[in-house]
Undergrad: 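My structure is below; once you've seen it, I'll send some questions.
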Amino acid sequence: MTRKILRFLLVGLVNTLIGLGMTLLLYHGFQTGYWVATAFGNGCGIVVSYLLNRRFTFSATTSLKTDWIRFLLVVLISYLIAYRLSLYVIDLFLPSFGGTGAILVGMVLYTALNFIGQNYWVFKKPS
């Protein structure tokens with residue numbers, strides 16, 4: 001399990017660098033504007049994350065279509081839960097940390113929820 005978690009974190013680093021790189025390239029290099037750059041950059045990061053996690057982290061052999069739909073659901077649900085919960089936790093316990101604190105807490109929660117969803121539902125080994 002430790003090896004799988006480390007691989008998952010490595011994939012997260014790679015997809016973040018690729019997504020951020022694409023965002024900055026489009027925004028600054030091609031001057032596409034904020035929304036186009038961030039949408040395309042994040043979309044690239046999500047695709048890279050899916051492909052690398054499918055092969056490298058979880059060695060999945062299940063349906064690409066089913067896995068992709070499940071993957072997108074896990075990403076969306078993890079995002080909504082993590083960042084909503086982080087706002088609540090920061091407001092309740094550490095209000096002086098504000099939005100920055102919520103973002104940092106949200107990142108940790110998102111990563112944990114995303115790993116759990118991918119490991120136990122998206123790329124679950126058939127019984």
Side-chain angles (χ1 to χ4, degrees):
M1 181 64 84
T2 301
R3 183 176 174 167
K4 196 181 287 187
I5 292 170
L6 290 174
R7 285 178 176 227
F8 183 80
L9 293 173
L10 180 60
V11 167
L13 178 65
V14 169
N15 76 57
T16 298
L17 292 173
I18 289 172
L20 179 60
M22 289 302 299
T23 299
L24 294 174
L25 176 66
L26 289 169
Y27 186 71
H28 291 292
F30 293 96
Q31 300 171 337
T32 59
Y34 176 81
W35 292 110
V36 170
T38 57
F40 190 80
N42 285 325
C44 286
I46 287 170
V47 170
V48 167
S49 176
Y50 171 74
L51 294 172
L52 289 178
N53 277 316
R54 177 178 170 73
R55 171 79 66 181
F56 178 68
T57 306
F58 299 104
S59 303
T61 57
T62 51
S63 165
L64 280 167
K65 182 180 178 182
T66 301
D67 287 354
W68 175 244
I69 293 167
R70 287 181 176 187
F71 178 84
L72 291 175
L73 284 171
V74 166
V75 166
L76 178 63
I77 291 167
S78 296
Y79 171 79
L80 293 173
I81 291 171
Y83 286 96
R84 181 64 197 125
L85 185 59
S86 68
L87 278 173
Y88 175 75
V89 168
I90 290 297
D91 284 346
L92 189 62
F93 297 108
L94 299 166
S96 64
F97 284 86
T100 302
I103 289 168
L104 296 174
V105 169
M107 287 175 64
V108 173
L109 291 173
Y110 171 80
T111 300
L113 291 170
N114 200 8
F115 177 80
I116 291 166
Q118 287 187 43
N119 191 51
Y120 294 105
W121 189 51
V122 176
F123 300 117
K124 180 182 177 187
K125 301 281 186 213
S127 301

Undergrad: Heavy-atom count around Y79 OH within 6.0 Å, excluding the residue itself: above 12?
TA: no
Undergrad: Rounded at 0.5 Å granularity, tell me how far CE in M22 sits from CG in L17.
TA: 13.5 Å
Undergrad: For a side chain to side chain contact (heavy atoms under 4.5 Å, CB included) check, start with the C-alpha distance between W121 and L73, then their side-chain angles and the critical distance, and finish with the verdict.
TA: CA-CA 11 Å; W121 189 51; L73 284 171; 4.0 Å; yes
Undergrad: CG/L13 to CD1/I18 distance, rounded to the nearest 0.5 angstrom?
TA: 10.0 Å
Undergrad: Out of curiosity, does V11 fall in the hydrophobic cluster containing V108 (side-chain heavy atoms, cut-off under 4.5 Å, transitive links)?
TA: no
Undergrad: Are M1 and I116 connected in a single hydrophobic cluster, I mean Ile/Leu/Val/Met/Phe/Trp/Tyr linked by side-chain heavy atoms less than 4.5 Å apart?
TA: yes
Undergrad: Do the side chains of T23 and F40 get nearer than 4.5 Å, heavy atoms only?
TA: no
Undergrad: Might you work through the side chain to side chain contact (heavy atoms under 4.5 Å, CB included) test for L52 and V14, ending with a clear yes or no?
TA: CA-CA 9 Å; L52 289 178; V14 169; 3.8 Å; yes
Undergrad: Are any of the side-chain heavy atoms of R7 and N53 separated by less than 4.5 Å?
TA: no
Undergrad: So, N42 side chain and T38 main chain: donor-acceptor pair closer than 3.5 Å or not?
TA: yes
Undergrad: Within this structure, what is the CD1-CZ distance for the pair I77 and R70, rounded to the nearest 0.5 Å?
TA: 12.0 Å
Undergrad: To the nearest 0.5 Å, what is the distance between CD on Q118 and NZ on K4?
TA: 11.0 Å
Undergrad: Would you say NZ of K65 has more than 12 non-hydrogen atoms from neighbouring residues, nucleotides or ligands within 6.0 angstrom?
TA: no
Undergrad: Closest heavy-atom contact between T111 and F8?
TA: O-CE2, 3.7 Å
Undergrad: Please find the pair of heavy atoms, one from G98 and one from I90, that lie closest to each other, and give the distance.
TA: O-CG2, 3.4 Å
Undergrad: Indicate if I69 and V47 have the same hydrophobic cluster label, given that clusters are the connected sets of ILVMFWY residues with side-chain heavy-atom separations under 4.5 angstrom.
TA: yes
Undergrad: Backbone N or O of A60 within a donor-acceptor pair of the R55 side chain at under 3.5 Å?
TA: no
Undergrad: Side chains of S49 and F71: does their closest heavy-atom pair fall under 4.5 Å?
TA: yes
Undergrad: Are any of the side-chain heavy atoms of K125 and S59 separated by less than 4.5 Å?
TA: yes
Undergrad: Would you name the heavy atoms of G106 and S86 that are closest together and state the gap between them?
TA: N-CB, 3.4 Å
Undergrad: Please assess F30 against L26 for the test side chain to side chain contact (heavy atoms under 4.5 Å, CB included), listing each intermediate value before the final yes or no.
TA: CA-CA 5 Å; F30 293 96; L26 289 169; 4.2 Å; yes
Undergrad: Angle between ring planes, Y27 versus Y34, binned at 30° and 60°: parallel, tilted or perpendicular?
TA: perpendicular
Undergrad: Compare every heavy atom of T62 with every heavy atom of P126, then report the nearest pair and how far apart it is.
TA: CG-CG2, 4.1 Å
Undergrad: Could you label the plane-to-plane angle of the Y83 and Y110 rings as parallel, tilted or perpendicular, counting under 30° as parallel and over 60° as perpendicular?
TA: tilted
Undergrad: Is L25 reachable from V36 through a run of I, L, V, M, F, W or Y residues, each pair having side-chain heavy atoms under 4.5 Å apart?
TA: no
Undergrad: Hey, could you give me the CG/OH distance between N15 and Y50, rounded to the nearest 0.5 Å?
TA: 14.5 Å
Undergrad: Rounded to the nearest 0.5 Å, what's the gap from CD1 on I46 to CG on L51? Could you check?
TA: 12.0 Å
Undergrad: Which heavy atom of D67 sits nearest a heavy atom of V122, and at what distance?
TA: OD1-O, 3.1 Å
Undergrad: Check whether L9 and V75 end up in the same hydrophobic cluster, where Ile, Leu, Val, Met, Phe, Trp and Tyr are linked by side-chain heavy atoms less than 4.5 Å apart.
TA: yes
